[in-house]
Amino acid sequence: MPELPEVEVVRRGLVTHLTGATLRDVDVLHPRTGRRYPGGSAALAQALEGATITAINRRGKYLWCVLESESTDLTTSAVPVLLIHLGMSGQIIIDDGTASLRPHCRMRAHISGGRSVSFVDQRTFGYLTIDRLIWDPRTERWIPSLAQHIAPDPLEEGFDMEVTVRELRRHRVPLKSALLNQEIISGVGNIYADEALWAARLHGARLTSGLSYAQLTTVLTEVQAVMRRALAVGGTSFDALYVNTAGEPGYFARSLHSYGKAGEPCDRCGTPLVSIVLGGRSHTYCPSCQKLPVRTR
DNA sequence: CCAGAGACCTGAAGGC
DNA sequence: TGCCTTCAGGTCTCTG
């Protein structure tokens, strides 16, 4: 499940292999992959034909390739980008172009040197589309218009801890749900939300409005810390659905303390971890280290 | 405006 | 053995 660290690992792979690359013989092979592009997958493939990638950037789980195009479709004053969201099973694989089409391959294009780039996505929650860059005054950088609604992510330069804490407190929702809300903080998914809550010793059901500035700052600091550690080892490959651009898994799964460990002893106190459903998503926590405050009345 | 629920999708895993 | 149900996840859309 690609969250911020996994998407960043993919971005770094693309920087190495796609910077300066021109897309040729573009095929978009599934209708859902191009569903966000007006005209759909066939029109998307046509628009991408001959486009050259000049830079690859990211905010949260949103990834985009800045394009220069020989196609008039893309020539306007605004800078066009290929926006990529990996959804929950998206992979981008660079190979030597001789391999046969991979299972669940949703887009394939040839690039220079006889190589090819494939977008593989088993569950089709991911998508590709073409968007335009707009200026984001909050962080003083260019972002795709379709990423306008998401907040800065905890590892980007313009991330403001105090603003995010205030935004968390403005909502009256379970802390776990707030961490997953990309409009409050972007890039966090179920794995790193559970891990940060475990590290901060906070129960995910606690309401954001009832938590102190110090507690919220702690959990955000833990989000940053766990993501940096995961990034350092190539991300989390909990199942076969996440790999880097070379098709290799990351190694952070072995460092997880709570996600996917219901019933196993807590690494701090030995109490068996418990799993509940919160906002429609599983939340695994230690009932001893991450207590809910006792309700009076 | 805001919170919560449902829809989307596919393969793995569990139950009978 | 085989069929059926349930579950997992991120984001968008709808409802109250």
Side-chain angles (χ1 to χ4, degrees), chain A residues 1-8 10 29-38 40-41 58-64 83-92 102-107 119-129 131 143-151 153-154 166-197 204-210 223 227 230 235-243 250 252-253 256 258-263 273-284:
Chain A
M1 288 132 262
E3 301 180 31
L4 187 157
E6 293 75 37
V7 179
E8 175 60 16
V10 170
L29 302 156
H30 195 287
R32 278 179 55 79
T33 303
R35 68 190 181 277
R36 309 264 301 171
Y37 185 71
S41 292
R58 180 191 59 75
R59 163 171 285 178
K61 305 168 198 170
Y62 289 70
L63 187 63
W64 61 92
L83 182 70
I84 302 168
H85 199 295
L86 300 178
M88 66 171 294
S89 58
Q91 309 173 345
I92 301 176
R102 293 162 184 273
H104 309 114
C105 181
R106 312 305 188 192
M107 186 282 290
F119 177 65
V120 175
D121 186 19
Q122 180 194 93
R123 296 187 189 175
T124 69
F125 279 25
Y127 60 84
L128 309 177
T129 191
D131 194 16
I143 58 168
S145 71
L146 292 172
Q148 206 176 353
H149 63 292
I150 72 168
D153 75 53
R166 278 203 298 276
E167 190 61 15
L168 284 168
R169 279 175 62 95
R170 203 173 65 75
H171 293 258
R172 187 179 169 80
V173 292
L175 177 55
K176 170 75 183 273
S177 305
L179 292 176
L180 294 177
N181 184 340
Q182 306 296 299
E183 298 182 26
I184 300 175
I185 177 172
S186 69
V188 185
N190 218 22
I191 296 175
Y192 298 108
D194 271 5
E195 291 302 308
L197 289 167
R206 298 193 62 174
L207 294 181
T208 47
S209 50
V223 167
M227 284 183 166
T236 303
S237 295
F238 190 75
D239 48 33
L241 293 183
Y242 165 69
V243 293
F252 197 66
L256 298 176
S258 61
Y259 178 84
K261 290 182 158 333
L273 301 180
V274 170
S275 189
I276 59 169
V277 174
L278 201 54
R281 291 289 172 260
S282 71
H283 172 43
T284 304

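Not measured: the values here are computed from a predicted model. Residue numbers start from 1 in every chain, and the chains themselves are labelled A, B, ... in the order their sequence lines are given, proteins ahead of strands.
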For a quick test of reading the model: is some side-chain N or O of Q182(A) closer than 4.0 Å to OP1 or OP2 of dT11(C)? yes
Whole Å only: how far is the NE2 atom of H30(A) from the C1' atom of dC8(B)? 11 Å
Within this structure, what is the OH-to-P distance between Y242(A) and dG10(C), rounded to whole angstrom? 15 Å
Separation of atom CD in Q91(A) from atom C1' in dT10(B), rounded to whole Å: 14 Å
Minimum-distance nucleotide (side-chain atoms of V173(A) versus dG10(C), dA3(B), dC9(B)): dA3(B)
Distance below 4.0 Å between R170(A) side-chain N/O and dC1(B) OP1 or OP2: no
L83(A) CG to dG10(C) P, in whole Å, measures 17 Å
On DNA chain C, compare the nucleotides closest to M88(A) and Y127(A); which residue's is nearer the 5' end? M88(A)
Return the value, rounded to whole Å, for the distance between atom CG of L146(A) and atom P of dT11(C). 13 Å
Base, sugar-phosphate alone, or nothing: which one does S282(A) contact when heavy atoms must sit under 4.0 Å apart? sugar-phosphate
Is any side-chain N or O of S89(A) closer than 4.0 Å to OP1 or OP2 of dG9(C)? no
Answer yes or no: does a side-chain N or O of H85(A) lie under 4.0 Å from OP1 or OP2 of dC12(C)? no
With DNA chain B as reference, determine whether G280(A) or R123(A) sits nearer its 5' end, using the nearest nucleotide of each. G280(A)
Under a 4.0 Å N-O cut-off, is there an ion pair linking R32(A) with D121(A)? no
So, E6(A) and Y192(A): side-chain donor and acceptor under 3.5 Å apart, yes or no? yes
With the side chain of K61(A) defined as its heavy atoms from C-beta on, choose the nearest nucleotide among dC12(C), dA8(C), dG10(C). dG10(C)
Please report, rounded to the nearest Å, how far the P atom of dA8(C) is from the CZ atom of F125(A). 13 Å
Just say parallel, tilted or perpendicular for the rings of Y62(A) and H85(A), cut-offs at 30° and 60°. perpendicular
Return the 5'-most residue of the pair H171(A), Q122(A) with respect to DNA chain B, ranking by each residue's nearest nucleotide. H171(A)
Would you mind classifying the nucleic acid contact of F238(A) as base, sugar-phosphate or nothing, using non-hydrogen atoms under 4.0 angstrom? nothing
With D194(A) as partner, the option from K261(A), H283(A), R281(A) fulfilling side chain to side chain contact (heavy atoms under 4.5 Å, CB included) is H283(A)
Atom CG of D194(A) to atom P of dG10(C): distance rounded to whole Å? 10 Å
Determine whether a donor-acceptor pair (one donor, one acceptor, N or O, separation below 3.5 Å) exists between the side chain of R281(A) and the base of dA8(C). no
I need the NZ-C1' distance between K176(A) and dG4(B), as an integer number of Å. 16 Å
Note: R58(A)-D153(A) ion pair, threshold 4.0 Å (strictly below): yes
